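Structure, as structure tokens:
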Protein chains: 2
Amino acid sequence: MILGVPIGEAAKHSGVKVPTIRYYEQIGLLAAPARSDGNRRHYDASDLHRLTFIRHARELGFEIDAIRTLLLLQDDPNQPCATADGIAKARLADVEQRIRSLTALKAELQAMIEGCSHGQVAACRVIEVLADHGQCQNAGH
Amino acid sequence: MILGVPIGEAAKHSGVKVPTIRYYEQIGLLAAPARSDGNRRHYDASDLHRLTFIRHARELGFEIDAIRTLLLLQDDPNQPCATADGIAKARLADVEQRIRSLTALKAELQAMIEGCSHGQVAACRVIEVLADHGQCQNAGH
DNA sequence: GCTACATCCTCTAGTGACTAGAGGAGCAAG
DNA sequence: CTTGCTCCTCTAGTCACTAGAGGATGTAGC
């Protein structure tokens with residue numbers, strides 16, 4: 001019988017690091033693969049597919065638990081996709097919120113840096129603004 | 001002699017939670033305050049100032065180690081402020097990078113959600129795109 | 001067959017920045 | 001004097017890994 005690729009190959013192919021793959025197996029995100037005589041993990045095409053799916057979802061910022069749900073959905077293609085849609089929408093809302101607060105933050109930091117006269121700490125806008133929230137441009141944070 | 005406020009008041013005043021204040025003391029970010037007869041922490045005005053500074057810096061996303069440096073600078077106002085400036089600039093660069101990748105991500109998620117026909121998982125764009133990176137709009141992630 | 005050397009195995013512990021909970025002591029009001 | 005709140009210390013848990021120890025296996029060249 002043909003064994004799949006060893007964990008190092010799986011890592012290269014999927015972009016998930018070796019210890020991380022083992023970690024995913026440990027927490028039950030990825031099923032334990034077949035083992036060779038020498039007790040080594042060997043991954044087949046569907047394992048690699050799953051790993052790539054996981055890596056991609058992680059890159060998009062999905063949490064492990066959300067990915068767990070998405071993987072279950074993937075295994076059961078006759079289900080309505082409202083759940084997957086909901087997960088993605090929640091993620092989108094989260095991303096939008098983050099962009100908003102980071103943008104406010106960016107303005108704050110820029111004002112701090114521009115106000116800094118590059119002299120001594122005593123007159124440093126960076127330190128001053130951090131010490132006194134009242135000097136912030138917007139109270140959104 | 002006048003004792004300062006107890007930890008609960010300090011929490012309310014600074015916006016840092018009670019266990020977090022104790023944690024900051026434990027890791028040496030905040031000096032151990034005076035104690036009352038009954039062994040309770042009491043914070044004076046300068047402690048509260050420091051706590052507010054920390055909370056504000058944390059809100060702006062500075063790491064504990066960066067805050068440690070900023071607090072040292074604050075204590076020594078005759079130093080040049082290039083260090084504080086550098087820390088703030090590094091933070092700004094980080095924030096800008098994050099905004100860029102989150103913006104790319106947002107487009108990705110929107111495309112996924114728009115492509116979803118709200119039918120069955122088998123035809124779900126969300127699942128499909130996650131499984132196949134090649135379907136991404138930009139390879140920036 | 002022998003020797004390097006890479007890759008793999010399991011296991012424990014560490015990261016950052018908290019958060020939760022147990023079990024007990026102090027304090028202020030009624 | 002009891003009720004109920006705040007406070008104390010201590011340990012362990014969170015998330016998603018990452019690092020390292022110490023040992024086994026596999027492979028390539030000689």
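In the text below, chain A, chain B and the rest are named by the order of the sequence lines, each starting its count at 1. Keep in mind that what you see is a predicted model, and the values were worked out from it rather than measured.
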Result block: side-chain N/O donor-acceptor pairs under 3.5 angstrom for residues 8-19 of chain B, not counting sequence neighbours:
| residue | atom | partner | partner atom | Å |
| --- | --- | --- | --- | --- |
| B:Ser14 | OG | B:Ala10 | O | 2.8 |
| B:Ser14 | OG | B:Val16 | N | 3.2 |

Exercise. Give the C-alpha distance, both sets of side-chain angles, the deciding distance and a yes or no for side-chain contact (heavy atoms from CB on, under 4.5 Å) between B:Arg58 and B:Ile67.
Key: CA-CA 8 Å; B:Arg58 284 297 297 140; B:Ile67 296 174; 3.5 Å; yes
Could you list the protein-to-nucleotides 23-28 of chain D atom pairs, N/O on both sides, closer than 3.5 Å?
| residue | atom | partner | partner atom | Å |
| --- | --- | --- | --- | --- |
| D:dT25 | O2 | A:Arg40 | NH2 | 2.9 |
| D:dG26 | OP1 | A:Gly38 | N | 3.4 |

Which atom pairs, donor and acceptor, lie under 3.5 Å between side-chain atoms of residues 22-30 of chain B and protein residues at least two apart or in another chain?
| residue | atom | partner | partner atom | Å |
| --- | --- | --- | --- | --- |
| B:Glu25 | OE1 | B:Arg41 | NE | 2.8 |

Practice problem: For DNA chain C, determine which residues of residues 5-15 of chain B have any heavy atom closer than 4.0 angstrom to one of its atoms, and list them numerically. | Solution: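 Those residues: none at all.
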Quiz item: Is the count of non-hydrogen atoms from other residues, nucleotides or ligands lying under 6.0 Å from A:Glu63 atom CD greater than 12?
Solution: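 Open: at most 12 neighbouring heavy atoms sit under 6.0 Å from CD of A:Glu63.
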Self-check item: Residues that B:Asp94 engages under salt bridge (charged side-chain N to carboxylate O under 4.0 Å, His left out), provided they are two or more places apart
Solution: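 With sequence neighbours excluded, B:Asp94 shows a salt bridge (charged side-chain N to carboxylate O under 4.0 Å, His left out) to B:Arg91, B:Arg98, given in chain and number order.
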By side-chain contact (heavy atoms from CB on, under 4.5 Å) - contacts of [X] (at least two apart):
X       : result
B:Gln97 : B:Arg100, B:Ser101
A:Ile99 : A:Val95, A:Thr103, B:Leu102, B:Thr103, B:Lys106
B:Ala84 : A:Cys124, A:Val126, A:Ile127, B:Leu70, B:Leu73

Self-check item: Set of residues satisfying side-chain hydrogen bond (donor to acceptor under 3.5 Å, both in side chains) with respect to A:Asp75, sequence neighbours excluded
Solution: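 With sequence neighbours excluded, A:Asp75 shows a side-chain hydrogen bond (donor to acceptor under 3.5 Å, both in side chains) to A:Arg50, given in chain and number order.
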Quiz item: In terms of hydrophobic clusters joined by side-chain contacts under 4.5 Å, are A:Leu72 and A:Ile87 together?
Solution: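 No, it is not one cluster - the side chains of A:Leu72 and A:Ile87 are not joined through contacts under 4.5 Å.
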Quiz item: Between which nucleotides of DNA chain C, read 5' to 3', does contact with chain A run, using atoms under 4.0 Å from its heavy atoms?
Solution: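 First-to-last contact on DNA chain C, by the 4.0 Å heavy-atom rule, is C:dT7 to C:dT10.
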Quiz item: Base, backbone or nothing for each nucleotide of nucleotides 12-18 of chain D, written B, S, -, heavy atoms under 4.0 angstrom, 5' to 3'?
Solution: ----BBS
Practice problem: Any pair with a residue in residues 77-89 of chain A that passes salt bridge (charged side-chain N to carboxylate O under 4.0 Å, His left out), sequence neighbours left out, goes on the list, sorted by first then second residue, please. | Solution: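 Only A:Asp85-A:Lys89 qualify under salt bridge (charged side-chain N to carboxylate O under 4.0 Å, His left out).
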Quiz item: Which part of the nucleic acid, if any, lies within reach of A:Arg22 when heavy atoms closer than 4.0 Å are counted: base, sugar-phosphate only, or nothing?
Solution: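 Contact class for A:Arg22: base.
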Practice problem: Run the numbers on B:Ile54 and B:Phe62 for side-chain contact (heavy atoms from CB on, under 4.5 Å), then give the verdict. | Solution: CA-CA 9 Å; B:Ile54 294 170; B:Phe62 290 88; over 6 Å; no
